[in-house]
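Below: the structure, in structure tokens.
Remember, it's 1-based here, ligands and their atoms both numbered in the order they're listed.
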Amino acid sequence: MVKVGVLALQGAFREHAEVFDALGAETCLVKRPDQLAGIDAIALPGGESTTQTKLLATSGLKDPLIQAMRDGLGCFATCAGMILLAAELHDARADQQPLALLDISVQRNGYGRQVLSFEAEIDIDGMPEGFTGIFIRAPRVTRVGNSVEVLASLGSDPVLVRCGNIWAAGFHPELSNDLRLHQLFLNQLATTEGV
Ligand code: GLN
């Protein structure tokens, strides 16, 4: 069985844990470095990336998390989680250093004040029917590196990207009452991990 940790420092972590539970994964909350042991993947939830960045440092999780992901830990990041993973940020706070684990550039709150939150139907590679993306002060992906595959776009903007077993969405699949994207991630993880 796949074991998924959900980073539980701030934001919509309970919702992710509920979805992974409902899909039959073994799920645990991660607040301390020792809780990274034994997990196959980590979910980085939406929330407030500035606060999450600070808490990653003060909890002592930042460096062990970077090391674990470099060593192959899978990752399912949404919204603020996508911001944490990016290689380069625009409109971030001056002291907000991303983890640089995924070669994308991201503009925080990139959809402007007038449409800070919206829903949009998106087509996801590997999913036969459309998916409702819930975007809440969403990051806008402004550059995707060669190693990164785009699995869904909104107009010309990538909104779901993947590099190996690291996935990042600009929207909130954990809030749409639709388990299919988490399931797709677990399926891929099981294939690559041989779980
Ligand atoms: N705009 C938020 C940030 O910068 C992310 C919003 C979200 O996760 N819904 O952290």
Side-chain angles (χ1 to χ4, degrees), residues 4-20 27 29-31 41-59 61-62 65-66 69 74-122 124 131-144 148 150-155 157-162 166-182 185:
V4 181
V6 182
L7 185 71
L9 299 175
Q10 189 272 340
F13 55 86
R14 286 190 198 291
E15 290 82 348
H16 274 295
E18 279 168 20
V19 177
F20 282 119
T27 308
L29 298 184
V30 174
K31 299 180 189 218
I42 187 153
L44 305 180
E48 189 49 55
S49 62
T50 50
T51 309
Q52 292 182 2
T53 301
K54 278 189 206 147
L55 293 174
L56 270 176
T58 55
S59 64
L61 265 167
K62 182 178 172 186
L65 176 63
I66 291 173
M69 285 185 59
C75 181
F76 187 77
T78 58
C79 206
M82 175 189 247
I83 297 171
L84 293 186
L85 288 184
E88 185 185 25
L89 295 183
H90 302 290
D91 297 336
R93 282 175 42 145
D95 60 350
Q96 187 177 357
Q97 287 299 321
L99 302 177
L101 290 162
L102 187 61
D103 188 19
I104 56 174
S105 301
V106 158
Q107 181 187 13
R108 284 188 65 210
N109 304 326
Y111 290 91
R113 289 193 173 279
Q114 67 284 16
V115 280
L116 283 179
S117 301
F118 57 97
E119 287 187 12
E121 279 303 296
I122 51 179
I124 295 178
F131 193 93
T132 303
I134 299 179
F135 294 79
I136 304 171
R137 294 190 303 122
R140 183 175 226 142
V141 177
T142 57
R143 183 192 62 86
V144 169
V148 178
V150 176
L151 299 181
S153 299
L154 184 65
D157 294 342
V159 291
L160 176 66
V161 295
R162 179 173 89 93
I166 300 177
W167 296 48
F171 54 95
H172 286 267
E174 77 283 10
L175 300 182
S176 57
N177 251 337
D178 185 334
L179 312 185
R180 289 178 298 155
L181 187 53
H182 289 72
F185 171 71

Under a 3.5 Å threshold, I'd like every N/O contact between ligand 1 and protein atoms, with atom names and distance.
unit_1   : atom_1 : unit_2 : atom_2 : d
ligand 1 : 1 (N)  : N109   : OD1    : 2.6
ligand 1 : 1 (N)  : R137   : O      : 3.0
ligand 1 : 4 (O)  : S49    : OG     : 3.1
ligand 1 : 4 (O)  : R108   : NE     : 2.6
ligand 1 : 4 (O)  : R108   : NH2    : 2.8
ligand 1 : 8 (O)  : G47    : N      : 2.8
ligand 1 : 8 (O)  : G47    : O      : 3.1
ligand 1 : 8 (O)  : A80    : N      : 3.1
ligand 1 : 9 (N)  : I136   : O      : 2.9
ligand 1 : 9 (N)  : H172   : NE2    : 2.9
ligand 1 : 10 (O) : S49    : N      : 2.5
ligand 1 : 10 (O) : S49    : OG     : 2.8

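In this pair, F20 and F76 present their aromatic rings perpendicular. The plane angle is above 60°, beyond the 30 to 60° band. Ring planes of F135 and F118: parallel class, angle under 30° (limits at 30 and 60°).
L101 CG to M69 CE: the interatomic distance, rounded to the nearest 0.5 Å, is 4.5 Å.
Every pair tested for salt bridge (Lys or Arg N to Asp or Glu O under 4.0 Å) that includes a residue from residues 4-15 fails, sequence neighbours excluded, so the list is empty. For residues 49-58, no residue pair satisfies the salt bridge (Lys or Arg N to Asp or Glu O under 4.0 Å) rule, not counting sequence neighbours.
Partners of S105 according to the side chain to side chain donor-acceptor pair (under 3.5 Å) rule, which considers only residues two or more places apart in sequence or in another chain, are E88, R143.
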